[in-house]
Structure formats: C-alpha cells, structure tokens
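Remember, it's 1-based here, ligands and their atoms both numbered in the order they're listed.
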Amino acid sequence: MRLAVISDIHGNRLALEAVEADIAHVGVDATLNLGDLLSGPLDPLGTLELLQARDYPTIMGNHDRWLVERPPDAMDTVDRFVANQLDAGQREWLRALPATRVIDGDIFLCHGTPTSDTIPWLDNWWRGRDTTLPDEAAVSLVAEGLDHPVLLCGHTHISRMVRLRDGRLIVNPGAVGLQINHGSPDARYAIIERRAGVWAASLRAVPYDCAGAARQASDHDFEYWGEALTTGWAGPGELFR
Ligand SMILES: [Fe+2]
C-alpha cells in the first residue's frame with residue numbers, strides 16, 4: 001500500500017495543486033490530510049472548494065479549530081481574513097473534522113501530538129530559528145501507548161521522519177502551503193509505503209508557482225508573506241500576527 005500525506009496547506013491552492021500533480025505522478029492508493037487547511041491570505045475558499053471535492057481523510061489543525069472556536073476579534077489577522085469569508089455551512093464542515101484518526105488500524109493521524117494540536121512533536125519549532133529534533137526520550141514519550149506502525153503529525157512545517165527503536169515510524173510531511181525555516185519555497189509532502197510488511201517514508205519537495213502565491217498575499221494586503229512564500233527562510237513568528 002502506498003499513501004500520500006499532506007499537511008498545513010494554509011489556503012495555498014497553487015501549492016496544493018502542484019502537490020496533487022506530483023502525487024498523481026507517483027501514484028497512490030489514498031491521500032491523508034493532517035489539517036491547517038485554510039489559514040493563509042491566499043485562496044482559502046478555492047482551497048476549501050478543492051478539498052471538499054477531494055474528500056481526503058482529514059483531521060483538524062489548530063488554525064481550523066481557531067476558525068470555528070474564536071470570535072473574530074480574538075483571531076490573528078490571517079485567521080480573521082479567512083473567517084470573514086466562511087459561510088455557516090463551510091464553518092460546520094470544518095467543525096466536523098476530528099482531532100485524530102486511525103486509518104486501517106495501521107496509521108495514526110494527529111496535527112501536533114496525539115493530545116495537542118499546538119505542541120510540536122518532531123521539532124523544537126517556534127523557539128526562534130531552532131528547528132532541531134528533540135531528544136529521543138522526548139520523542140518516544142509522546143508515542144507511548146500508540147500501537148500503530150505509522151504515526152503521522154504536522155503543525156511544525158518542518159518535514160522529518162523518525163524510526164523508533166521498536167520499528168514504529170513517525171512522519172511529519174512538512175507543509176504544503178507555507179515553508180518556514182526550510183530554506184526552500186518548494187511545497188512539501190510525504191509518501192508512506194508498506195512493502196513486505198514494513199512501512200517506509202520518503203519526503204518530497206515540489207516546486208510550484210510560489211511567486212503567484214506571493215502575489216495573492218500581496219493582493220490581500222499581506223505583503224509580508226511574500227518573502228516567506230518565495231524563499232522559505234522566514235520564521236513562523238513573522239507570519240501570524
Ligand atoms: Fe498547525
């Protein structure tokens with residue numbers, strides 16, 4: 001079985017379309033989506049329309065949750081930009097997304113960690129530019145009691161894969177729509193594959209029309225997203241304010 005894993009699209013339909021084309025080129029049985037679907041000043045409704053048509057197995061990210069939980073005046077400017085465009089039906093579609101999910105018994109999906117959509121698992125993300133892997137004890141502790149050979153997480157936008165000593169695989173596919181601290185604007189996702197009973201992961205980076213995405217941000221008066229979208233060097237703190 002071969003599956004694509006996408007996460008953190010953040011309203012970037014151009015990046016999503018490029019990733020979907022790459023997934024079609026690779027050929028998969030299904031695509032799994034780890035959340036943070038719409039929160040970017042790019043094309044949230046176009047992204048939502050595409051995702052609703054695809055109907056990928058999907059979980060809720062922290063930004064998806066904030067869009068339906070927070071009053072607009074408690075949102076960051078990016079979430080407020082998106083929330084103002086959503087109708088009641090679209091809000092309900094977001095609200096119905098589960099926080100975690102298990103696919104075929106083998107694959108566990110969460111956004112941050114199994115118990116939090118805001119805590120990073122495979123990265124010390126958000127401490128300035130420190131995008132290092134936490135130590136083994138910290139990573140393993142989060143996986144305790146999860147009896148699935150593949151554990152998927154997103155949220156940090158940093159693509160990484162870890163194989164625990166017991167063979168379980170933890171994969172963060174990185175972000176489709178917003179590269180931070182990665183030094184490349186290319187859209188990230190992962191392919192996971194089970195061959196002869198063993199799961200393996202490969203992390204992919206797909207060039208796309210990032211200048212077009214930056215133009216969308218600029219058209220919506222979020223010029224400061226342009227540098228991140230076209231270079232991949234910006235830190236997260238500079239983008240959601
Ligand atoms: Fe997130």
Side-chain angles (χ1 to χ4, degrees), residues 4-13 15-16 19 31-44 47-48 51 56-70 74-83 86 91 93-101 108-134 139 142 151-162 170-182 187-190 203 213 217 222 225 228-229 232 234-241:
V5 185
I6 62 176
S7 189
D8 295 275
I9 300 164
H10 284 277
N12 192 339
R13 179 170 170 147
L16 176 58
V19 163
T31 296
L32 311 176
N33 186 352
L34 306 181
D36 274 7
L37 311 174
L38 308 181
S39 289
L42 306 170
D43 185 9
T47 302
L48 179 60
L51 291 175
Y56 299 133
T58 300
I59 57 168
M60 184 185 283
N62 56 308
H63 281 278
D64 307 315
R65 181 169 59 78
W66 292 342
L67 284 174
V68 295
E69 273 185 9
R70 289 181 167 175
M75 292 179 180
D76 63 61
T77 53
V78 174
D79 279 353
R80 195 177 309 127
F81 166 83
V82 177
L86 298 177
R91 230 175 278 274
W93 185 87
L94 279 180
R95 200 188 302 275
L97 295 171
T100 62
R101 221 175 142 152
F108 177 86
L109 283 62
C110 64
H111 183 71
T113 68
T115 56
S116 167
D117 59 17
T118 55
I119 296 175
W121 190 349
L122 292 190
D123 205 278
N124 283 318
W125 181 71
W126 209 276
R127 295 178 191 165
R129 302 194 61 83
D130 180 6
T131 56
T132 54
L133 183 66
V139 169
V142 176
L151 308 172
L152 302 177
C153 61
H155 184 55
T156 64
H157 299 216
I158 305 296
S159 53
R160 242 184 236 297
M161 91 78 152
V162 161
I170 312 174
V171 180
N172 184 328
V176 169
L178 177 60
Q179 308 312 314
I180 50 177
N181 295 347
H182 233 164
R188 308 287 175 134
Y189 80 101
L203 304 172
F222 288 84
W225 271 53
L229 287 165
E238 299 149 41
L239 296 165
F240 293 94
R241 55 193 190 191

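The CD1 atom of I9 sits 9.5 Å away from atom CG of L34, with the distance rounded to the nearest 0.5 Å. Atom CZ of residue R188 and atom CG of residue D8 lie 13.0 Å apart, to the nearest 0.5 angstrom.
When distances from the Fe ion (ligand 1) to the N, O or S atoms of H155 are compared, ND1 comes out shortest. Within D36, OD2 is the N, O or S atom that lies nearest to the Fe ion (ligand 1).
The pair R70-D79 fails the salt-bridge criterion, with no side-chain N (NZ, NE, NH1 or NH2) lying under 4.0 Å from an Asp/Glu carboxylate O.
Among the backbone and side-chain atoms of N62, an N/O/S atom is found under 2.8 Å from the Fe ion (ligand 1). With 2.8 Å as the limit, D117 does not count as an N, O or S neighbour of the Fe ion (ligand 1). Backbone or side-chain N, O or S atoms of H111 reach the Fe ion (ligand 1) at under 2.8 Å.
Under the 3.5 Å distance criterion, the side-chain polar atoms of D64 are matched with a main-chain donor or acceptor of D36.
Under the side chain to side chain donor-acceptor pair (under 3.5 Å) rule, T156 has a single partner from N172, N181, D123, which is N172.
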